[in-house]
Amino acid sequence: MDYILIDSGPLIALFDASDDYHHASVNFIKHNQKKLITTLASITETLHLLDFNRQAQLDFLAWVSAGALQVETIDGDDFVRIHALTKKYADLPMDFADACLVFLGEKLNINEIATIDRDFDIYRLKDKQPFTTLIK
């Protein structure tokens, strides 16, 4: 099965009808045929930014629990590369959730990402391959 990385931006927008990217995110989820994959860092960021609405948080958790996306683990050894990525893109600055997604893209050889974050136009995988962003 093919995978697409998913960032917190579309996840937040999916559960926040007032978000400017809500309709684009809903449309993406409805038409996407690939398995979505993310990290616990993006899940945490999503829940934190949905903290204005407890029901939105609960709905998001139920959606994740139902298998809507796969959550890939980050191990202790992975922090060496995550640190290097964060240092490399310190001028943006790269946050932890983005560093984990770039790392995951490298680890699993995935360059497609559902995001509204323009920084992914700058980030590169280890082989200098750019990301293909699917929501803008």
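Every heavy atom of this structure was used, including side-chain atoms; hydrogens, water molecules and symmetry mates were not. Remember, it's a predicted structure, so these values are computed and weren't measured experimentally.
- With contacts defined as side-chain heavy-atom distances shorter than 4.5 Å, the pair Thr86/Phe96 does not qualify.
- Hydrophobic clustering (side-chain heavy atoms under 4.5 Å, transitive across Ile, Leu, Val, Met, Phe, Trp, Tyr) groups Leu92 together with Leu5.
- His22 approaches Ala13 most closely through the heavy-atom pair ND1-O, 2.6 Å.
- Residues Thr73 and Lys107 come closest through the heavy atom pair O-NZ, 4.0 Å.
- Looking only at atom types and distance, the side chain of Ser18 has a donor-acceptor partner in the side chain of Asp16 under 3.5 Å away.
- The two residues Ile29 and Ile6 make their nearest non-hydrogen contact at CD1-CD1, 4.4 Å.
- Atom CG of Asp91 sits in a crowded spot, with more than 12 heavy atoms from other residues, nucleotides or ligands closer than 6.0 Å.
- When all heavy atoms are compared, the tightest approach of Thr38 to Leu104 is O-CD2, 3.9 Å.
- The ring-ring contact (aromatic ring centres under 6.0 Å, His included) pairs that include a residue from residues 26-57 number zero, where partners must be two or more places apart or lie in different chains.
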**Candidate pair Thr39 and Val71, rule side-chain contact (heavy atoms from CB on, under 4.5 Å), full reasoning** = CA-CA 5 Å; Thr39 67; Val71 181; 5.6 Å; no
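- Atom OG of Ser25 sits about 10.5 Å away from atom CG of Asp20, to the nearest 0.5 Å.
- A donor-acceptor contact shorter than 3.5 Å is absent between the side chain of Arg81 and the backbone of Phe79.
- Under the 4.5 Å side-chain criterion, counting only non-hydrogen atoms from C-beta, Ile4 is in contact with Asn32.
- Here the closest non-hydrogen pair linking Met94 and Val102 is CE-CG2, 3.8 Å.
- Between the side chain of Glu106 and the backbone N or O of Lys126, at least one donor-acceptor pair lies under 3.5 Å.
- In this structure, the side chain of Gln70 does not engage the main chain of Ile37 through any donor-acceptor pair within 3.5 Å.
- Ile135 and Leu49 fall within the same hydrophobic cluster, defined by Ile, Leu, Val, Met, Phe, Trp and Tyr side-chain heavy atoms under 4.5 Å apart, directly or through other members.
- For Asn53 (side chain) and Gln55 (main-chain N/O), a donor-acceptor pair under 3.5 Å exists by modelled atom type.
- Thr115 places a side-chain N or O within donor-acceptor distance of the main-chain N or O of Asp117, the cut-off being under 3.5 Å.
- Side chains of Leu134 and Ile113 form no contact here, defined as non-hydrogen atoms less than 4.5 Å apart.
- Counting non-hydrogen atoms of neighbouring residues, nucleotides and ligands closer than 6.0 angstrom, the CG atom of Asn109 reaches no more than 12 such neighbours.
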**Prompt:** Passes side-chain contact (heavy atoms from CB on, under 4.5 Å), Tyr3 versus Leu108? Steps please.
**Reply:** CA-CA 9 Å; Tyr3 290 93; Leu108 301 178; over 6 Å; no
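- With rounding to the nearest 0.5 Å, the separation of OG1 in Thr133 from CD in Glu112 is 10.0 Å.
- Scanning all heavy atoms of the two residues, the minimum distance from Ala41 to Cys100 falls at CB-SG, 4.1 Å.
- Trp63 and Phe15 have perpendicular rings, their planes meeting at more than 60° on a 0 to 90° scale where under 30° would count as parallel.
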**Request:** Dump the intermediate steps for side-chain contact (heavy atoms from CB on, under 4.5 Å) on Leu61 and Val64, then the final yes or no.
**Result:** CA-CA 5 Å; Leu61 287 170; Val64 172; 5.6 Å; no
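- For Lys87, the NZ atom is loosely surrounded, since the number of other residues' heavy atoms within 6.0 Å does not exceed 12.
- Asp121 has its side chain out of reach of Phe131: every pair of non-hydrogen atoms, C-beta onward, lies at least 4.5 Å apart.
- When the side chains of ILVMFWY residues are joined at heavy-atom separations under 4.5 Å, either directly or via intervening members, Leu47 and Leu58 end up in two distinct hydrophobic clusters.
- Connection of Leu50 to Leu36 is established within a shared hydrophobic cluster, with ILVMFWY side chains joined at heavy-atom distances below 4.5 Å, either directly or through further cluster members.
- In summary, of the residues considered (Asp7, Asp19, Ile116), a side chain to side chain contact (heavy atoms under 4.5 Å, CB included) with Ile12 occurs for Asp19 alone.
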**Message:** Determine whether Val26 and His23 satisfy the following criterion, side-chain contact (heavy atoms from CB on, under 4.5 Å), listing intermediate values before the conclusion.
**Reply:** CA-CA 5 Å; Val26 169; His23 295 292; 5.7 Å; no
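- Taking the side chain as every heavy atom from C-beta outward, Leu125 and Ile110 never approach each other to under 4.5 Å.
- The number of heavy atoms from other shown groups lying within 6.0 Å of CG (Asp51) is above 12.
- When ring centroids are compared, Tyr89 and Tyr123 come within the 6.0 Å threshold.
- Rounded to the nearest 0.5 Å, atoms CG (Leu14) and OH (Tyr21) are 15.5 Å apart.
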